[in-house]
Amino acid sequence: MPVIRALSNVAKQALLAPACGCQPLTVAIRNISFSPRQVTSGSDASFHSVSFSETDHPKVLITGGLGQLGVGLAKLLRKRFGKNNVILSDIRKPPSNVFHSGPFIYSDILDYKNLREIVVNNRITWLVHYSALLSAVGEANVALARAVNITGLHNILDIAAEHGLRLFVPSTIGAFGPTSPRNPTPDLCVQRPRTIYGVSKVHAELMGEYYHHRYGLDFRCLRYPGIISADSQPGGGTTDYAVQIFHDAVKTGKFECNLKPDTRLPMMYIDDCLRATLEVMEAPVESLSMRTYNINALSFTPEELANEVQKQLPDLQVTYEIDSVRQAIADSWPMNFDDSNARNDWGWKHDYDLPELVQTMLNFIGSDSRIAQAN
């Protein structure tokens, strides 16, 4: 113990004190590293970082687990690692099918103590942080978006660093702005977003990379394009028109789009997105040349998507009622992603093109409704 204390004191003196006045924290198993939060009690001091062995299954916690991606990722990870090794969490009451599909726990990312207890009590080794307010919703409530997307992230980073977790935080096309190259947008370029959602995601990218270099945190991040899924209703994102069109086509045969017909944005089917997330989390550390990657699959406009849907449902009526807020957001985003680094470093490759995506979505949503009649 005297040796450990001496080494800790030397390391503490070598580090700059954080602006918040917190002291460096933990002696890790592999080397001396520190989390920016201070241990506050004797019982806390007995906690040790968990070393994840590649031969063991990880124990995964997913925050914001009831959103568009959380439930799907939990299903994928449970198939791979076992039902009880993946814990979904959220602040909302889960539907019965989700509650009975595997472990679920209440977790508020703004409650640091609660989060820490969950990680320690469940011996978490991977943390997937999906909790966030999306673009259009965030613009309607900037204060809440700032709290959830930034303060919540700080709690996640501190806990992940303290306990030696492998941390995944998604980023987005919204992390770029009108001064970024748009077609294509590379991994590294000017990022000056004009939404609180985009600003918070740039903040997450930079903070994750900082924690990686400062504390050795195994931080991994993918910039998602617009994600298209039949499993959940649209959640307030600018790209959600590409999900809404399928629901409206099946239910009413009429769709009103809130973006201009020629607005080109990068998109991806959810199965590709979830697989990419698993692949980057499993990628060997030595294969990663960076900590934040673009991933891409498709790039299309509302008009091109509508034309493809009308090949299956010729009676679909499409009109355009432009939402100025969402249009301004879309006009500041990339039209196409350059994801060559992800493809070269860890072998990323998408499966779904536009016709296959449309057919899959219509089959899923309208298997016993309008699509069945059309066929």
Side-chain angles (χ1 to χ4, degrees), residues 67-69 133-141 172-174 176-178 182-183 193-195 197-198 224-270 272-273 296-337 352-375:
Q68 182 185 28
L69 297 171
L133 263 66
L134 300 182
S135 55
V137 174
E139 290 306 290
N141 194 336
T172 168
I173 56 175
F176 298 100
R182 296 190 66 206
N183 191 22
R194 292 183 177 175
T195 66
Y197 177 57
Y224 289 158
I227 304 302
I228 300 175
S229 167
D231 291 328
S232 61
Q233 293 292 325
T238 300
T239 59
D240 278 353
Y241 85 86
V243 176
Q244 190 67 54
I245 186 174
F246 294 102
H247 290 279
D248 290 355
V250 169
K251 293 177 182 177
T252 67
K254 297 179 180 180
F255 172 64
E256 182 178 275
C257 184
N258 51 36
L259 295 181
K260 294 177 182 177
D262 61 349
T263 305
R264 184 171 300 279
L265 293 169
M267 300 283 186
M268 178 179 289
Y269 186 58
I270 191 169
D272 279 338
C273 175
N296 199 18
L298 313 169
S299 184
F300 56 75
T301 67
E303 185 175 44
E304 290 171 349
L305 177 60
N307 289 340
E308 193 65 38
V309 174
Q310 286 169 334
K311 291 179 183 178
Q312 301 292 326
L313 295 173
D315 59 341
L316 173 63
Q317 300 176 28
V318 179
T319 57
Y320 295 89
E321 184 66 32
I322 311 306
D323 182 315
S324 59
V325 173
R326 296 192 188 211
Q327 186 64 50
I329 293 172
D331 288 342
S332 72
W333 283 358
M335 299 170 67
N336 201 7
F337 263 162
Y352 287 81
D353 59 13
L354 182 57
E356 187 174 8
L357 181 151
V358 167
Q359 187 66 64
T360 301
M361 287 288 290
L362 289 176
N363 285 345
F364 192 101
I365 295 174
S367 57
D368 58 354
S369 184
R370 293 176 59 85
I371 184 64
Q373 297 172 10
N375 286 339

remark   = Rounded to the nearest 0.5 angstrom, the CD1-CG distance for Ile228 and Asp240 is 10.0 Å
task = May I have the step-by-step check of side-chain hydrogen bond (donor to acceptor under 3.5 Å, both in side chains) for Asp323 and Gln327, ending in yes or no?
result = CA-CA 6 Å; Asp323 182 315; Gln327 186 64 50; over 6 Å; no
query = Going by heavy atoms in the side chains, are Ile365 and His247 under 4.5 Å from each other?
reply = yes
request  = Report yes if some heavy atom in the side chain of Val309 is under 4.5 Å from a heavy atom in the side chain of Phe255; otherwise report no.
outcome  = no
request  = Could you tell me which non-hydrogen atom of Leu298 sits nearest to which non-hydrogen atom of Leu354, and how far apart they are?
outcome  = CD2-N, 3.6 Å
query = Which residue, Lys311, Gln310, Gln312, forms the side-chain hydrogen bond (donor to acceptor under 3.5 Å, both in side chains) with Glu308?
reply = Lys311
message = Pairing donors with acceptors under 3.5 angstrom, does anything connect the side chains of Asn307 and Glu303?
response = no
remark   = d(Phe337 CZ, Leu265 CG) to nearest 0.5 Å is 10.0 Å
key: Test item: Leu362 and Phe246 side chains (from C-beta on) under 4.5 Å apart, heavy atoms   = yes
inquiry  = Can you confirm whether Pro302 sits close enough to Thr263 that some side-chain heavy atom of one is under 4.5 Å from a side-chain heavy atom of the other?
reply    = yes
key: Closest heavy-atom pair and its distance - Glu304, Ser299   = OE1-O, 4.2 Å
query = Do you know which two heavy atoms are closest between Pro266 and Pro334, and how far apart they sit?
reply = CD-O, 3.0 Å
request  = Not counting sequence neighbours, which residues clear ring pair (Phe, Tyr, Trp, His ring centres under 6.0 Å) with Tyr352? List them please.
outcome  = Tyr269
query = What distance separates Glu256 CD from Tyr320 OH, expressed to the nearest 0.5 Å?
reply = 11.5 Å
task = Side-chain contact test, heavy atoms from C-beta onward, threshold under 4.5 Å: evaluate it for Leu69 versus Tyr224 and give yes or no.
result = yes
key: Flag for Gln244-Asp248: side-chain donor and acceptor within less than 3.5 Å   = yes
ask   = Distance from Asp315 atom CG to Lys254 atom NZ, nearest 0.5 Å?
value = 11.0 Å
Partners meeting side chain to side chain donor-acceptor pair (under 3.5 Å) with Asn183 (sequence neighbours left out) = none
message = Looking at Arg182, I want to see if its CZ is surrounded by more than 12 non-hydrogen atoms of other residues, nucleotides or ligands under 6.0 Å.
response = yes
key: Lys260: partners by side chain to side chain donor-acceptor pair (under 3.5 Å), with sequence neighbours left out   = none
ask   = So how far is it from Leu134 CG to Thr172 OG1, rounded to the nearest 0.5 Å?
value = 8.5 Å
message = If you define the side chain from C-beta out and look only at heavy atoms, does anything of Met267 sit under 4.5 Å from Phe300?
response = yes
ask   = Atom CG in Asp353, atom CD in Gln359: separation rounded to 0.5 Å?
value = 11.5 Å
ask   = Does any non-hydrogen side-chain atom of Trp333 lie less than 4.5 Å from one of Thr239?
value = yes
Heavy-atom check, side chain of Arg326 versus side chain of Leu259, under 4.5 Å = yes
